[in-house]
Each structure stands twice: as C-alpha cells, then as structure tokens.
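Following: one structure in structure tokens, then a few remarks.
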Amino acid sequence: MKALRLLIISLFLFANSCYYMDSSLYEVEVTYPEPPDIIIRSNLDSMDDLTFSDSLLFKYEVEIDTGTFYLADIYIDNTLIYRSDTIRDSIWIVPTANAAEGAYQLDLRAYAKTFSGSLADQLDAESFFADSSWVIILNYE
Amino acid sequence: MRKGIILLLLLLAGLNIQAQRKGLSVTAGMADYNFAELKAYQDDLISRVPFDVKGFSYFPRYSNFRLSYFLLQDNGLKLGLVYAYSTTGAHANYKDLSGQLNIDQFVTAYQFGISGSYPFIGNGKFDLSGYGDLRLAYVRNQVNMNIVTLYYFESNTLKMKTFSPGLEAGLELNYNINRISFGLQGGYYLDSGSSFDIGTESLSDPLASLKTTSELHSQLSGFRAGIKLTFWLDPPQMTIIE
C-alpha cells in the first residue's frame, strides 16, 4: 500500500514535469559583406605635441561610405568616458584631481551598420567598428 | 453539448454505488489533437516577424496520462473518478551567427471527471471493456516569442486559459493477474471547445505582437492510446477452511 501511494505521488510529479519541448533549430547561413570604409578624423591628428596640463579639446568626425552610423565611443585607457550618436562631436578632456602625470591612450571607436541581413543586423544590434588611437600626455609643469 | 454533459454528470452523481472492490488504474500513452485554430495562429505569428522563420512542430502527438480510481460493481461495471494530463505545443525557429528567434506555444490540459467501464467479453484472465469519461479540462496555452542576440534580448509572453468539458470513449483490453492488471487502452476524446480567455502580452512594445486576431477555442479533440496498469486495492477474497 505504501509503495502504491509512492507510485501515485511520483506519477503526479512525473506527469506534470513531462512538459512539451521542441528545440529544433533552423540555421541560416549569413554572408557578411566587406566592412565599410570608416574614416576617423580628429583635431589631434594635426597636433605635433599632445601634452596638456589642465584640459584638452578633442574633436572628431567620422565618415562611413555606407552612410549608416550607429555611435562613437571614446575611451581613455580602455575606460569609456563618452558616447555620442553623431558623426561629428567634441569633448573637453579634463583630468581628475588625483590623475597621475604620464601618457594615456585615447581611443575612438566608431560603429556602423553591417547590412548583413542577419537577425541582429535587422534589429540594429550588430555593427562593424573602426578605431583610432592617440597617446596624450598629462604634464602639470 | 455542454448542457448535455452537465445533465449526464448530474444523473451519474445520483447513482447508488455498491462497490465490491476498488482499484486504481494508470494509463500512460500518447494523444493527438485537433488545434486547427492554434495551428493557424502559429502560422500567423510566424508571418508577423520579418525573418525567414521555420515552423517545426504544430501540436504533435505527445504524452498523455490518465489516472482513475474506481469501484467495481457486482455486474462488472466500474465507476470512478478520473484525472488526465496531456501536453503538446508548437515551435518555430530562426537561427544565424548573430542570434536566434523562437516562437513557441505550450499547451497543457488538466482534466478531472468521472469514468465508467463495462466488460463486453471476458473470462476472468482477459477482458475487453468499453469505457467512457466525462471530464472538465482546464486548458492553458503559453505563447512565447524570444529573441536572443549579443546586444538585443526580447522575451514576450501571452497566456490564455479556459475550462472546457469533454468526453472520452474507447476500448480497453485487460490481462488480470491477482492484484494487478495489465492492459491497452485506446479511445477518442471529444472536446466541447470552449473559447480561450486571452491575457495581455508581457511586453508593451515588442518586435511582433502576439495578440490574437480572432477567437481561439480549446479543440483538444483527438485519439488517445496508452498502456494501462491497474492495481486492485482490496486483497482477493479467500475462503477459510476449518
């Protein structure tokens, strides 16, 4: 009788865990096009000396041949400091109070639509990116 | 049809049951379903997304369990209570290197009711019986559309439910061994097809809406077949010789 009760309880539990499942996949191959030509121009390109003591103006302009720009991220030593959704923008780089003197890497990453036709591309959640780097030097003297 | 089923239930409830033995039977097997409206709804959902989504399954035959507690009458009639559980669903998918999209429906039906069976042919060891159930089904359908990519995630859900009466009739072949019987059972379940009470979507602005464009009905009707195991809960009667 005890075994029968156990059987009934386990049957109830088993029956309800027996849930319909189908995880079949329809895999589609996506051919990615050649990345677009992304040209990044900055006011720093024309400066011979990138040393600054209190602030530095950084201007950029992004040109993409496919014409669909998503955004640009600006990093200092791999820390994101600014995000812009325009192809032309400028920021003042001002060191924090305890910033140490020395060289810092300034990166600009520009993201553009891939036009691959993939799921993420059609949801505007996939991009090609190009980046440009400059070494800026903080010197308080 | 619903009125007729309720009337029949009331008539059966008034029966004076004089049981000799009681038992419990468990049937595990497969069930198939009509679900024509839910199939069309799945196709409609697939057409709403701007991707080449492929529909894989449309409510195929799937697990079905039936549990019955019965009392055996002197004339061989078994009357009792029944619980049945069945589940099925639909699935569609699109996948590429960047992510995947799934459109799923999960239907589960929990059914409670009364059952009766009567042996047409039998010699003690074997018997061939006809059986019938009157059941009230709680049918639940959960519709999911999930999109997963590296930078975009969306999970939209719509729930619908209904209570739907129905009846099942069929045949069962039993092989009786002392306190246990083994058997095969097969029949047809006819659902009255109540319309679903449809909830609201979990997302307010999804890529593609899960909203239904017409009334949907439960449509659980279909064939059922399974292996049956019966436990007799009373010990067999013995004669004491002094």
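Naming: A, B, ... by sequence-line order, numbering from 1 per chain.
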With a 4.5 angstrom heavy-atom cut-off, which part of A:Ser127 approaches chain B: side chain, backbone, both or neither? neither
Please answer whether the main-chain N or O of A:Ser118 pairs with a side-chain N or O of B:Ser98 as donor and acceptor at a distance below 3.5 Å. no
Looking only at heavy atoms, which two atoms of A:Ala125 and B:Tyr151 are closest? And how far apart? O-CD1, 3.6 Å
Crowding at NZ, B:Lys39 (>12 non-hydrogen neighbours, <6.0 Å): yes
Would the number of heavy atoms belonging to other residues, nucleotides or ligands and lying under 6.0 Å from NZ of B:Lys161 be above 12? no
At a 4.5 Å cut-off on heavy atoms, which part of B:Ala28 comes close to chain A: side chain, backbone, both, or neither? neither
Is A:Val28 close to chain B through its backbone or its side chain, or both, or neither, when contacts mean heavy atoms under 4.5 Å? both
Please tell me whether A:Tyr26 and B:Asp52 have a donor and an acceptor in their side chains that are separated by less than 3.5 angstrom. yes
Nearest 0.5 Å, what's the OH-CG distance between B:Tyr94 and A:Leu25? 12.5 Å
Side chain of B:Asp96, backbone of A:Leu119: donor and acceptor closer than 3.5 Å? yes
Just give me the residue among B:Leu207, B:Thr88, B:Leu101 that pairs up with chain A most often, heavy atom to heavy atom, under 4.5 Å. B:Thr88
Please check if any side-chain donor atom of B:Ser57 sits under 3.5 Å from a side-chain acceptor atom of A:Tyr20, or the reverse. yes
Is a donor on one side and an acceptor on the other found under 3.5 Å between the side chain of B:His91 and the backbone of A:Met21? no
When rounded to the nearest 0.5 angstrom, what is the spacing between OG in A:Ser23 and CD in B:Gln100? 9.5 Å
Tell me, yes or no, whether the heavy-atom count around B:Arg48 atom CZ, taken from other residues, nucleotides or ligands under 6.0 Å, exceeds 12. yes
Does any part of the side chain of B:Leu97, heavy atoms only, come nearer than 4.5 Å to the side chain of A:Tyr32, both counted from C-beta? yes
Counting only heavy atoms closer than 4.5 Å, note whether A:Glu126 contacts chain B via side chain, backbone, both or neither. side chain
Say you draw a straight line from CG of A:Asp22 to OH of B:Tyr62; how long is it, rounded to the nearest 0.5 Å? 8.5 Å
